[in-house]
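Letters A, B, ... mirror the listed sequences (proteins, then strands); counts begin at 1.
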Amino acid sequence: MTQAFSFSDVVLAWYQQHGRKHLPWQQQISPYRVWVSEIMLQQTQVATVIPYFERFMQRFPDVFSLARAEQDEVLHLWTGLGYYARGRNLHACAQQIVEQYQGEFPASVEQLAALPGIGRSTAGAIAAISMGIRAAILDGNVKRVLTRFYAIEGWPGTTAVQKQLWDIAERLTPDHSHREYTQTMMDLGATLCTRSKPACGICPLQPRCKGYQSGKPSQFPNSKPKKEKPEKHTALLMLEAPGGLLYLEQRPQTGIWGGLWSFPEVSDEQAARLWLKQQFGMEADIEPLQRFRHTFSHYHLHIQPLKIRLSHQPGHIGEQSGHWYNPRQPSELGLAAPVKKLLHLSDI
DNA sequence: AAGGCGGGGAT
DNA sequence: ATCCCAGCCTT
């Protein structure tokens with residue numbers, strides 16, 4: 001009597017031969033290392049994450065060192081990764097794990113998902129990969145594999161499709177080999193079941209894949225309904241003191257570039273003149289630098305840098321305590337990508 | 001349920 | 001230029 005291979009049997013067999021086993025976070029596997037990698041990998045590709053992960057582990061080898069750190073240093077190591085709330089949540093989460101759990105990650109999906117920055121999928125990944133707990137994940141890779149395998153119609157961002165996918169993901173998860181299965185589902189999505197030109201010819205799931213049978217596997221997952229991104233404008237004030245020092249202030253924790261250091265932001269050059277008059281009670285020469293465009297996931301931002309050369313360094317500006325940044329001796333601060341670019345631009 | 005939140009790599 | 005990525009949080 002023969003028993004048909006289950007979905008997870010096929011997946012696990014493929015892992016033995018072809019699964020990735022040498023990524024940095026697949027070595028010395030621990031809840032801490034898996035957690036940091038999973039947070040970094042949210043909406044961010046493997047190749048981008050690797051150097052950030054290595055630097056982060058070098059500086060913060062365990063949850064205690066991370067919990068003790070200054071937020072500025074955490075965000076400094078996050079500079080360029082984007083979605084900076086991830087960095088702030090990571091720091092807060094480390095402190096909570098130390099205070100509430102004596103530095104030991106709680107061993108259940110529910111408890112993990114209650115921590116800042118950890119949702120259902122990341123909790124499942126930490127539990128399955130580092131703790132051997134039976135838990136499902138639903139990241140971009142798994143969504144792609146499942147929507148193709150079952151030819152699921154509808155954009156996965158909708159609640160209905162989301163729920164359907166979670167139900168399927170939970171059902172397919174085997175009751176053994178949780179780490180291997182979880183890593184392999186991500187591997188399949190990352191290496192074979194890719195967004196474009198999927199390698200169906202060498203995919204172990206191909207014989208039963210409805211997406212393949214449809215002849216158009218790449219139409220799954222159905223794409224997000226598109227809408228045009230608005231064009232927004234802003235200006236950044238580059239106050240330069242003698243010696244090339246540039247004035248930075250910390251942005252609010254919420255909103256764009258939350259918690260990062262940035263040039264004072266005003267709406268336009270007109271507002272800049274007013275701002276200068278209010279701060280210094282005097283006129284100042286404003287030199288507009290080359291305007292450039294920075295694109296976010298949901299809008300385009302035209303940034304007008306305005307250089308203002310000050311004859312002397314003011315004692316203080318406005319309410320908050322700012323920071324005079326020396327491009328030749330960079331401070332370890334979290335910087336938004338465009339700000340970092342502008343700071344580097346001045347360092348010539 | 002919907003919208004906010006980055007930056008970069010692939011195409 | 002467009003798409004979308006090892007999603008989560010707030011409203």
Practice problem: Apply ring pair (Phe, Tyr, Trp, His ring centres under 6.0 Å) to A:Trp257 and list each qualifying residue two or more places apart in sequence or on a separate chain. | Solution: A:Phe296

Quiz item: With sequence neighbours left out, what residues match A:Gln250 under side-chain contact (heavy atoms from CB on, under 4.5 Å)?
Solution: A:Gln71, A:Asp72, A:Gln253, A:Trp261, A:Gln320

Exercise. Can you run down the side-chain hydrogen bond (donor to acceptor under 3.5 Å, both in side chains) pairs that involve residues 192-211 of chain A, sequence neighbours left out, and say none if there aren't any?
Key: none

Exercise. Name the first nucleotide and the last nucleotide along DNA chain C (5' to 3') that come under 4.0 Å of a heavy atom in chain A.
Key: C:dC3 to C:dC9

Quiz item: So what does A:Thr158 hit on the nucleic acid, given a heavy-atom distance under 4.0 Å: a base, only sugar-phosphate, or nothing?
Solution: nothing

Quiz item: Quick one: on DNA chain B, does A:Gln43 or A:Thr159 contact a more 5' nucleotide (nearest heavy atom)?
Solution: A:Thr159

Self-check item: Residue pairs, two or more places apart or on separate chains, that pass ring pair (Phe, Tyr, Trp, His ring centres under 6.0 Å) and touch residues 91-121 of chain A
Solution: A:Trp35-A:Phe105

Quiz item: For residues 136-145 of chain A, which residue pairs qualify under side-chain hydrogen bond (donor to acceptor under 3.5 Å, both in side chains), counting only residues two or more places apart or in two chains?
Solution: A:Asn141-A:Arg144

Practice problem: Take atom P in B:dG9 and the same atom in C:dC8, then report the distance between them in whole Å. | Solution: 23 Å

Quiz item: Which pairs with one or both residues in residues 154-165 of chain A pass side-chain hydrogen bond (donor to acceptor under 3.5 Å, both in side chains), sequence neighbours excluded?
Solution: A:Lys163-A:Asp167

Practice problem: Please work out which residues in residues 44-62 of chain A have a non-hydrogen atom less than 4.0 Å from an atom of DNA chain C and list them by number. | Solution: none

Practice problem: Return the set of residues passing side-chain contact (heavy atoms from CB on, under 4.5 Å) with A:Arg59 (not counting sequence neighbours), or none when no residue passes. | Solution: A:Glu73, A:Leu77

Exercise. For DNA chain B, find the residues of residues 77-101 of chain A with a heavy-atom distance under 4.0 Å and give them by number; none if there aren't any.
Key: A:Gly80, A:Leu81, A:Gly82, A:Tyr83, A:Tyr84

Quiz item: How about A:Asp187 and A:Thr184: does a side-chain donor come under 3.5 Å of a side-chain acceptor?
Solution: no

Quiz item: Closer than 4.0 Å, any side-chain N/O of A:His298 to the OP1 or OP2 of B:dG3?
Solution: no

Self-check item: Sugar-phosphate, base or nothing in reach of A:Leu115, heavy atoms under 4.0 Å
Solution: sugar-phosphate

Quiz item: In chain order, what residues pass the side-chain contact (heavy atoms from CB on, under 4.5 Å) check against A:Ala241, with sequence neighbours excluded?
Solution: A:Leu245, A:Gln313, A:Trp324

Quiz item: If you look at every strand shown and take non-hydrogen atoms under 4.0 Å, does A:Gly189 touch a base, only sugar-phosphate, or nothing?
Solution: nothing

Quiz item: Quick one: on DNA chain C, does A:Ile118 or A:His300 contact a more 5' nucleotide (nearest heavy atom)?
Solution: A:His300

Quiz item: What is the distance from CH2 of A:Trp257 to P of B:dC5, rounded to the nearest Å?
Solution: 11 Å

Quiz prompt | Contacts of A:Glu269 that satisfy salt bridge (Lys or Arg N to Asp or Glu O under 4.0 Å) - sequence neighbours left out | solution = A:Arg273

Quiz item: Where each residue is assigned the nucleotide of DNA chain C containing its nearest heavy atom, which of A:Ser37 and A:Pro116 is assigned the position nearer the 5′ end?
Solution: A:Ser37

Quiz item: What pair of heavy atoms forms the shortest contact from A:Thr295 to A:Lys229, and how long is it?
Solution: CG2-NZ, 4.2 Å

Quiz item: So does A:His294 get a side-chain nitrogen or oxygen closer than 4.0 Å to the phosphate oxygens (OP1/OP2) of B:dG7?
Solution: yes

